[in-house]
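Take a look at the structure set out below.
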Amino acid sequence: LLGYSVERNLKPIVQWLQGVGLEDSQVATVISKSPQLLGCSVVCNLKPSLQWLKAVSLDDSQVAKAVRQFPRLLCYSVEQNWKPTVQWLKGLRMDDPQVSTAISKSPRLLGYSVERNLKPIVQWLKDL
């Protein structure tokens, strides 16, 4: 953190978070929960994450809520984490509105491993 430039690194992240719909106090909370966000690139990491969340039908308020609830979400890879999870959910016969509702209600879902977490739990539930 101390090695980052206020102008090149810190301000753009804070401004981006404010642009997502977070108030200043919420931005402070998000950063305190996940200070690694300050090392992310707005262009390479955060904007693509936002675009992807909107592509799975989350509206602005749902995106802001997801970021507030689980800021580390923005540190995960869309390709390696988010897409496999959404594909797996759709494989469970969830339609797009159901997937977006699930993500909106529990953004941590996108941080779980399909193989290590989600599949075993669903299988256990099926076996009950």
Side-chain angles (χ1 to χ4, degrees):
L1 178 62
L2 296 176
Y4 292 131
S5 161
V6 170
E7 295 299 321
R8 286 191 312 263
N9 302 101
L10 307 181
K11 278 187 179 179
I13 299 293
V14 169
Q15 290 169 343
W16 185 85
L17 290 167
Q18 290 167 330
V20 169
L22 301 181
E23 298 173 9
D24 290 346
S25 63
Q26 293 169 328
V27 170
T29 300
V30 162
I31 291 171
S32 70
K33 285 182 179 179
S34 292
Q36 65 269 34
L37 283 176
L38 294 173
C40 291
S41 162
V42 171
V43 174
C44 297
N45 303 108
L46 302 180
K47 281 185 180 180
S49 296
L50 177 66
Q51 290 170 344
W52 195 86
L53 289 170
K54 288 185 175 188
V56 293
S57 302
L58 268 69
D59 62 30
D60 291 341
S61 66
Q62 290 172 315
V63 170
K65 180 181 174 187
V67 171
R68 281 193 318 272
Q69 287 181 343
F70 190 55
R72 198 171 348 146
L73 171 73
L74 297 173
C75 298
Y76 291 116
S77 165
V78 170
E79 294 297 323
Q80 293 178 2
N81 297 92
W82 297 7
K83 283 185 180 181
T85 300
V86 168
Q87 289 171 348
W88 182 77
L89 291 171
K90 288 182 177 184
L92 295 175
R93 297 189 181 128
M94 291 178 73
D95 60 22
D96 288 342
Q98 290 171 320
V99 170
S100 64
T101 298
I103 293 168
S104 175
K105 288 186 177 187
S106 183
R108 291 178 190 273
L109 187 63
L110 293 175
Y112 294 133
S113 165
V114 170
E115 295 299 323
R116 288 190 314 266
N117 302 104
L118 301 175
K119 277 185 180 180
I121 290 170
V122 168
Q123 187 59 52
W124 180 80
L125 290 169
K126 285 180 177 180
D127 293 342
L128 287 178

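Note that the structure is a prediction, hence the values are computed from the model and not measured. FYI, side chains are in, hydrogens and waters are out, and symmetry mates aren't considered; it's all heavy atoms of this structure.
In the hydrophobic clustering of ILVMFWY residues, with side-chain heavy atoms under 4.5 Å counting as a link, Leu92 and Val99 come out together. Side-chain heavy atoms closer than 4.5 Å link hydrophobic residues (I, L, V, M, F, W, Y) into clusters, and following such links, possibly through other members, connects Val122 to Val86. Leu17 and Val6 end up in the same hydrophobic cluster when Ile, Leu, Val, Met, Phe, Trp and Tyr side chains are linked at under 4.5 Å.
Between Ala66 and Leu73, the closest heavy-atom pair is CB-CD2, 4.2 Å. Annotation for Cys44 and Pro48: closest pair O-CG, 3.4 Å, computed over non-hydrogen atoms. Shortest non-hydrogen contact noted between Val43 and Lys47 is O-CB, 4.2 Å. The two residues Arg108 and Gln69 have their closest heavy-atom pair at NH2-O, 4.1 Å. Of all heavy-atom pairs between Ser32 and Pro35, the closest is O-CD, 3.8 Å. A pairwise comparison of heavy atoms in Pro12 and Glu7 identifies CD-O, 3.3 Å as the closest pair.
Between the CG atom in Asp24 and the OG1 atom in Thr29 there is a gap of 11.0 Å [rounded to 0.5 Å]. A distance of 4.5 Å separates CG in Leu110 from CD1 in Ile103, rounded to the nearest 0.5 Å. Atom CH2 in Trp16 sits 11.0 Å away from atom OG in Ser41 (nearest 0.5 Å). In this structure, CD1 in Ile31 is found 4.5 Å from CG in Leu38, a value given to the nearest 0.5 Å. Rounded to the nearest 0.5 angstrom, Cys40 SG and Asn9 CG are separated by 11.0 Å. A distance of 7.5 Å separates CZ in Phe70 from OG in Ser34, rounded to the nearest 0.5 Å.
Val56 is not listed as a side-chain neighbour of Asp96, based on a closest heavy-atom distance of 4.5 Å or more. The side-chain heavy atoms of Gln36 and Arg72, taken from C-beta on, include a pair separated by under 4.5 Å. Using a 4.5 Å cut-off on side-chain heavy atoms (C-beta onward), Gln123 and Lys126 make contact. Two residues are said to be in side-chain contact when any heavy atoms from C-beta on lie closer than 4.5 Å; Asp60 and Lys54 meet this criterion. In this structure, the side chains of Leu109 and Leu118 come closer than 4.5 Å at one or more pairs of heavy atoms.
Side chain of Ser104 to backbone of Thr101: no donor-acceptor contact under 3.5 angstrom is found.
Around atom CD of Gln98, more than 12 heavy atoms belonging to other residues, nucleotides or ligands sit under 6.0 Å away.
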